[in-house]
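Only one structure is covered here, and it is reproduced in the block below.
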Amino acid sequence: MLPSLNMKASERKSLFDRNWYFYRGDVRNAESPVYNDSAWRKVDLPHDWSIEPLENQEPDKVVGPFSRESVGGFATGQTVGGKGWYRKTFIISPEDAGKRHELYFEGIYNQSEIWINGQKAYYNVYGYTSFRVDITPYCKPAGEKNIIAVKVINEGKNSRWYTGSGIYRHVWMIRTSPSYIEDWGTFISTNSIDKEQAVVILNTTIVNGDTEEGEYTVNINLTSPRGKVVSTTNSTVKMTSGNKHEIPFTITVKKPRLWSTDTPELYIANISLWKNKEKKDELSIPFGIRTIHFSTGKGFELNGVPMKLKGGCVHHDNGLLGSAAFDRAEERKIQLLKQNGFNAVRTSHNPMSESFMSACDRLGMLVIDEAFDQWKIKKNPEDYHLYFNEWSARDIRSLVLRDRNHPSVIMWSIGNEIRERISDNGLKIAEDLKKEILKHDNTRPVTAGVNKYWDKDRKNMLSLEKAFRHLDVAGYNYMWRFYEEDHAKYPERIMYSSESVANEASQNWDKVEKLPYVIGDFIWTAIDYLGESGLGNSIEVDPEENVHQFMGWPWFNGWCGDIDLLGVKKSSILLS
């Protein structure tokens, strides 16, 4: 056995949330190390400035965080974005001298610039993407003060719902030796399960950051949900300086405890990296042993058992906490859904926080993990379409690499109600996004939420064949009436209701129970949310289209959820 080194996991990765200084607005030279931020407000993260009261409160014009002058209007719940700056000071301790330092931002809305000691280290455009910044080249020697400055821009009409503004999710500092285990470089999946054992495939990526060639050993210990070591293995590889290497492992686990919605059992993969009997790095990753399978004959199967998805679409905000992803608030959402009969969520329409995903693992909630609300064609003038060409591949890569070890994730969704969904261009984009996903995970199907497409006179519904062609599982938004008709045309197509309206829940669920190739229904929405104000109201309804119209001032929330912002169940819940 290799000797142990006194290294705790908390020393490798630590929360970096406290003692930031914040200024709402734009200022010149705030990235400069000599800038005086003493007059700025001290905040802890997660932080969302759009939910904070505005200045110059005036009845019926500016009330709390809501303003009649909001650029987003009813779409973003009458809230205000703008620009903001965050600054924080830190000092590298003598014990950490020579280590690699990385900042991990779980989410900043929206466009953000990261400055270290006056040097621009990174730029990110998608407010829902988690990203990492190796700040080692920008840091000063141990014992000297380092200044981090983060500029955030949330301007224009860039969303159809409330987004929040600022560093609204956790920030972490990660410290490793120059040679290390890549944080998103490990992928753990279940190859097979029988009554006596499970075969787990684990691939991990290591980096030789030393100045010379060396021989590295990776040790793997798997710990059961009861804390018992159930498997150990290792592998040794010789690596040149600056090289990275992926090491595969096939591991057998006897009498496995399977992850499911009823028994969300989680194992831990403890991975350590050694060189010359010295521990260089270690990483612990929770995972579940489970299998998923989709077919037209049996629908969706978890661990070989058919089950229907009693699903709900969920936005990322936490009501009057705004978009700030507090761990307990994220966990509470999943608890509420479980208590009210849901077993699946669709993340609408963007990646969620790590806290949300971890809660789904721990509590047993299946997840359709969605990436985008638009591709190249805009839904709002300043939305993600401006950045799609340059950023979409790396953003969906970040989503898959971050979330692929979550047993709760059963599908990757590449989009929602995409404008170019039936065009040749849209067909090519869907193919490219799917190829990017498959580079990093080939164990889950690809899906999307697809809605009707009318001709320019809105008289005839056009074919959606191109929208579905590259999808492994077809998401139908508000189209339960077409299941049997489409099944006759495309008998191998697996379907589900990716969105449904509450007053058609009974018809939707009748189809789910009757048709084996329809695997579930996802209500719009499971929980009320900020933005899309007035949706679900009973005041203005178009009876022909069965649409509850949006409402202007002073409405600030969508009211179509089965559960309200306080967590109270409404009478519309029909799940059992």
Side-chain angles (χ1 to χ4, degrees), residues 294-300 307-314 342-349 366-375 410-423 426-427 430 433-434 444-455 458 460-526 535 545-547 560 562 574-575:
F294 298 78
S295 67
T296 55
K298 293 186 178 180
F300 170 69
M307 67 181 298
K308 296 293 188 177
L309 303 179
K310 300 177 180 179
C313 300
V314 179
F342 292 89
N343 63 18
V345 296
R346 174 180 173 228
T347 66
S348 306
H349 302 289
L366 301 171
V367 179
I368 299 176
D369 211 347
E370 194 155 85
F372 306 120
D373 187 47
Q374 62 279 126
W375 295 344
I410 58 171
M411 286 187 267
W412 302 112
S413 175
I414 57 177
N416 170 69
E417 299 186 353
I418 298 300
R419 292 284 171 87
E420 62 265 50
R421 57 192 176 277
I422 70 168
S423 69
L427 188 67
L433 291 175
K434 183 174 181 177
R444 297 174 175 92
V446 172
T447 187
V450 178
N451 59 327
K452 300 174 187 176
Y453 201 106
W454 297 93
D455 63 16
R458 288 191 61 83
N460 300 300
M461 187 177 145
L462 303 183
S463 171
L464 295 171
E465 190 277 329
K466 287 182 180 178
F468 288 124
R469 189 181 300 177
H470 291 299
L471 304 183
D472 303 305
V473 180
Y476 279 53
N477 282 14
Y478 312 105
M479 296 193 297
W480 60 270
R481 294 173 178 84
F482 300 99
Y483 290 150
E484 289 99 333
E485 176 184 329
D486 283 5
H487 178 66
K489 296 178 183 176
Y490 310 102
E492 298 306 311
R493 181 180 292 175
I494 304 163
M495 311 173 191
Y496 69 102
S497 173
S498 38
E499 288 183 25
S500 64
V501 65
N503 58 4
E504 294 179 352
S506 178
Q507 296 97 316
N508 268 286
W509 197 252
D510 285 346
K511 298 290 186 182
V512 173
E513 290 190 325
K514 175 185 175 182
L515 306 173
Y517 52 86
V518 179
I519 64 175
D521 172 55
F522 287 75
I523 194 75
W524 189 271
T525 61
L535 187 65
E545 288 290 334
N546 192 26
V547 172
C560 54
D562 284 355
L574 299 174
L575 298 178

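Reckoned from all heavy atoms, side chains included, excluding hydrogens, waters and symmetry mates. Numbers for residues simply follow the sequence, beginning at 1.
For D510, there are no salt bridge (charged side-chain N to carboxylate O under 4.0 Å, His left out) partners, not counting sequence neighbours. Taking the ring-ring contact (aromatic ring centres under 6.0 Å, His included) definition, one finds that F294 meets it with F300, sequence neighbours left out. Residues satisfying the ring-ring contact (aromatic ring centres under 6.0 Å, His included) criterion with H470, sequence neighbours excluded, are absent altogether.
With respect to the salt-bridge test (charged N to carboxylate O, under 4.0 angstrom), the residues R481 and E504 qualify. Looking at D521 and K511, no side-chain N of the basic residue comes within less than 4.0 Å of a carboxylate O on the acidic one, giving no salt bridge. For the pair E370 and R346, the salt-bridge criterion is met [side-chain N within less than 4.0 Å of a carboxylate O].
A distance of 8.0 Å separates OG1 of T447 from CD1 of I519, quoted to the nearest 0.5 Å. In this structure, CG on L366 lies 13.5 Å from CZ on F342, to the nearest 0.5 angstrom. Note that the NZ atom of K466 and the CD atom of E420 stand 13.0 Å from one another [nearest 0.5 Å]. Put simply, CD on E465 and CG on D486 are 11.0 Å apart, with the number rounded to the nearest 0.5 Å. The CG atom of N416 sits 9.5 Å away from atom CD of Q374, with the distance rounded to the nearest 0.5 Å.
Annotation: side chain of R419 is not in contact with side chain of Y453 (no heavy-atom distance under 4.5 Å). Here the side chains of D472 and I494 are not in contact, with every heavy-atom distance at 4.5 Å or above. Between L471 and V450 there is a side-chain heavy-atom pair separated by less than 4.5 Å. At a threshold of 4.5 Å between non-hydrogen side-chain atoms, the residues I422 and L464 count as touching. Looking at K489 and F482, their side chains never come closer than 4.5 Å, going by heavy atoms from C-beta outward. Side-chain contact between F522 and I368: present, with at least one pair of heavy atoms (C-beta onward) separated by less than 4.5 Å. Side-chain contact between N451 and R421 is present, with at least one heavy-atom pair separated by less than 4.5 Å. Taking 4.5 Å as the limit, some side-chain heavy atom of E484 sits within range of a side-chain heavy atom of K514.
When all heavy atoms of G312 and A526 are compared, the closest pair comes out as CA-CB, 3.8 Å. A pairwise comparison of heavy atoms in S497 and Y483 identifies CB-OH, 3.1 Å as the closest pair.
Proximity of a side-chain donor or acceptor of S498 to a complementary backbone N or O of Y476 within less than 3.5 Å is detected. Put simply, the side chain of T296 never gets that close to the backbone of E492: no donor and acceptor are under 3.5 Å apart. No donor-acceptor distance shorter than 3.5 angstrom exists from the side chain of K434 to the backbone of V446, with no hydrogens or angles considered.
Evaluated for a ring pair (Phe, Tyr, Trp, His ring centres under 6.0 Å) with H349, the options W524, W375, F372 yield exactly one hit, W524.
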